[in-house]
Amino acid sequence: MTKEEELRFVSGAFEELVRRGVAEQNMFVPSTVTDGEIDAFEERFHVRLPSLFRAFLLSYCYDFSVICAPIPVDGLENVQENCEKGLWWIELIALPREDPLKNLYGLMESFREVCTNKDLVGLDLESVNMLVPIGEWDGMLCIDLSNGALCSFAQTEFDWEKAGYLDENGVAHGTKRMADFKELLEVYFYGKYDAQYEKQIAENNEEKPDYTAYIQR
């Protein structure tokens with residue numbers, strides 16, 4: 001996508017939260033983040049954020065962090081058409097209007113500290129310097145800058161080699177959760193599996209989901 005297409009896609013994602021009844025328009029405001037502030041973050045940590053995530057940071061500020069959506073219960077890899085769907089919560093980094101990048105800085109610093117602490121994970125910075133934490137998904141949820149995928153690391157697991165989080169070169173990649181940040185927006189903002197989930201619960205004579213409960217501050 002071009003930069004303009006990415007900005008439209010992100011703006012559309014927030015609009016879909018409102019259309020689906022998940023959020024109200026007053027729950028987010030135009031972003032106060034600047035390109036210069038993102039450049040400074042990248043320089044501070046020697047990373048280059050994916051362009052779509054940059055567009056996300058530049059689009060809106062919001063103070064909610066926990067968001068829910070139906071997803072395939074067997075994961076997002078190799079999804080079958082009629083596979084069972086279930087609700088799954090993630091914690092996504094909040095971007096408050098005042099100092100919106102403070103949470104991103106805090107996550108990055110604490111994540112790298114845990115990873116390089118010899119009494120905890122105990123890796124060299126080079127093993128994790130392509131990971132940018134953006135929330136929680138059964139552990140720390142990160143963007144893997146080496147391939148754009150979203151991956152997670154269990155918070156109670158400190159032997160990352162035994163857990164299978166490292167490749168043959170000792171570089172951390174975690175457990176893959178989504179193909180990229182675009183898929184996160186498709187699932188949690190655009191409601192990619194809403195219709196299939198509604199059909200499933202209707203067939204089971206269950207009540208229609210309450211979309212207003214899909215976001216928590």
Side-chain angles (χ1 to χ4, degrees), residues 1-69 76 89-112 128-137 140-152 174 176-192 211 214-217:
M1 290 189 284
T2 65
K3 181 177 181 180
E4 290 74 19
E5 289 171 335
E6 289 178 332
L7 289 170
R8 285 198 299 270
F9 184 81
V10 172
S11 179
F14 281 89
E15 291 170 3
E16 279 297 296
L17 282 180
V18 176
R19 186 197 65 78
R20 293 166 60 219
V22 175
E24 297 180 2
Q25 192 69 50
N26 62 9
M27 294 176 69
F28 43 87
V29 296
S31 179
T32 57
V33 178
T34 67
D35 275 304
E37 289 171 333
I38 298 176
D39 291 343
F41 176 88
E42 292 180 328
E43 183 176 354
R44 163 70 176 81
F45 295 105
H46 304 288
V47 296
R48 180 62 61 87
L49 298 177
S51 58
L52 185 61
F53 185 61
R54 174 182 277 262
F56 181 81
L57 297 175
L58 292 169
S59 293
Y60 291 101
C61 287
Y62 56 89
D63 62 3
F64 58 83
S65 59
V66 181
I67 185 167
C68 179
L76 292 161
W89 296 87
I90 66 167
E91 183 173 349
L92 185 63
I93 185 170
L95 299 171
R97 187 168 186 171
E98 298 296 328
D99 195 8
L101 295 184
K102 66 179 180 181
N103 293 323
L104 189 60
Y105 270 94
L107 273 181
M108 195 71 163
E109 290 167 353
S110 61
F111 179 72
R112 287 190 169 185
V128 298
N129 63 3
M130 295 297 285
L131 298 170
V132 177
I134 61 170
E136 296 273 344
W137 174 306
M140 186 62 71
L141 180 67
C142 297
I143 301 175
D144 185 345
L145 300 180
S146 70
N147 55 25
L150 301 191
C151 58
S152 69
K176 185 177 179 181
R177 298 301 184 182
M178 300 185 197
D180 49 29
F181 190 71
K182 180 174 183 287
E183 186 169 27
L184 184 148
L185 294 180
E186 290 171 342
V187 172
Y188 280 91
F189 285 66
Y190 279 94
K192 179 177 181 178
Y211 289 101
Y214 276 25
I215 276 182
Q216 296 181 6
R217 285 181 168 83

- Message: Within a 6.0 Å radius of atom CD on Glu5, are there more than 12 heavy atoms belonging to other residues, nucleotides or ligands?
- Response: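 Enclosed: over 12 neighbouring heavy atoms sit under 6.0 Å from CD of Glu5.
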- Message: For a ring pair (Phe, Tyr, Trp, His ring centres under 6.0 Å) check, start with the C-alpha distance between Phe45 and Tyr105, then their side-chain angles and the critical distance, and finish with the verdict.
- Response: CA-CA 9 Å; Phe45 295 105; Tyr105 270 94; 5.7 Å; yes
Any side-chain heavy atom of [X] sitting closer than 4.5 Å to one from [Y]?
| X | Y | value |
| --- | --- | --- |
| Glu98 | Thr32 | no |
| Leu95 | Val33 | no |
| Arg112 | Asn129 | yes |
| Glu109 | Arg44 | yes |
| Leu57 | Phe41 | no |
| Phe189 | Leu92 | yes |
| Leu52 | Met1 | yes |
| Trp89 | Glu136 | no |

- Query: Can you check ring pair (Phe, Tyr, Trp, His ring centres under 6.0 Å) on Phe9 and Tyr190, steps first, answer last?
  - Reply: CA-CA 10 Å; Phe9 184 81; Tyr190 279 94; 5.0 Å; yes
- Could you please spell out the steps behind the side-chain contact (heavy atoms from CB on, under 4.5 Å) verdict for Ile134 and Leu107? CA-CA 7 Å; Ile134 61 170; Leu107 273 181; 5.7 Å; no
Closest approach of [X] to [Y] (non-hydrogen atoms, all atoms of both residues):
| X | Y | result |
| --- | --- | --- |
| Leu131 | Cys151 | CD2-SG, 3.9 Å |
| Gly135 | Met140 | O-SD, 3.2 Å |
| Met130 | Ser146 | CE-N, 3.7 Å |
| Tyr60 | Ser11 | OH-OG, 3.6 Å |
| Ala69 | Val187 | CB-O, 3.5 Å |
| Ala94 | Pro96 | O-CD, 3.4 Å |

Report the distance from atom [atom1] of [X] to atom [atom2] of [Y], rounding to the nearest 0.5 Å.
| X | Y | atom1 | atom2 | result |
| --- | --- | --- | --- | --- |
| Ile93 | Lys102 | CD1 | NZ | 11.0 Å |
| Leu101 | Asp99 | CG | CG | 7.5 Å |
| Arg54 | Leu7 | CZ | CG | 11.0 Å |
| Gln25 | Met27 | CD | CE | 11.0 Å |
| Ile38 | Leu58 | CD1 | CG | 4.0 Å |
| Leu17 | Ile215 | CG | CD1 | 5.0 Å |

- Message: Donor-acceptor check, side chain of Ser65 to backbone of Glu91, threshold 3.5 angstrom: yes or no?
- Response: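 No, Ser65 side chain to Glu91 backbone: no donor-acceptor pair under 3.5 Å.
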- Would you mind telling me which of Leu145, Val132, Asp180 makes a side-chain contact (heavy atoms from CB on, under 4.5 Å) with Pro50?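 Filter result, single survivor: Leu145.
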- Item | Glu4 and Arg8 ion-paired at < 4.0 Å |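 Answer for the salt bridge query: no.
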- Task: Determine, for Arg19 against Glu16, whether the closest basic-nitrogen to carboxylate-oxygen distance falls under 4.0 angstrom.
- Result: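 Counted as a salt bridge, because a side-chain N and a carboxylate O are separated by less than 4.0 Å.
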- Give me the ring orientation class for Phe181 and Phe53: parallel if the planes are under 30° apart, tilted from 30 to 60°, perpendicular past 60°.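 The arrangement is perpendicular - the two ring planes meet at more than 60°.
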- Query: Which word best sums up how the rings of Phe56 and Tyr62 line up, parallel for under 30°, tilted for 30 to 60°, or perpendicular for over 60°?
  - Reply: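 Perpendicular, since the angle between the ring planes exceeds 60°.
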- Hey, would you say the Tyr188 and Tyr214 ring centroids sit under 6.0 Å apart?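 That pair fails the under 6.0 Å test.
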- Is there a side-chain contact (heavy atoms from CB on, under 4.5 Å) between Ile143 and Leu150 once you walk through the steps? CA-CA 5 Å; Ile143 301 175; Leu150 301 191; 3.5 Å; yes
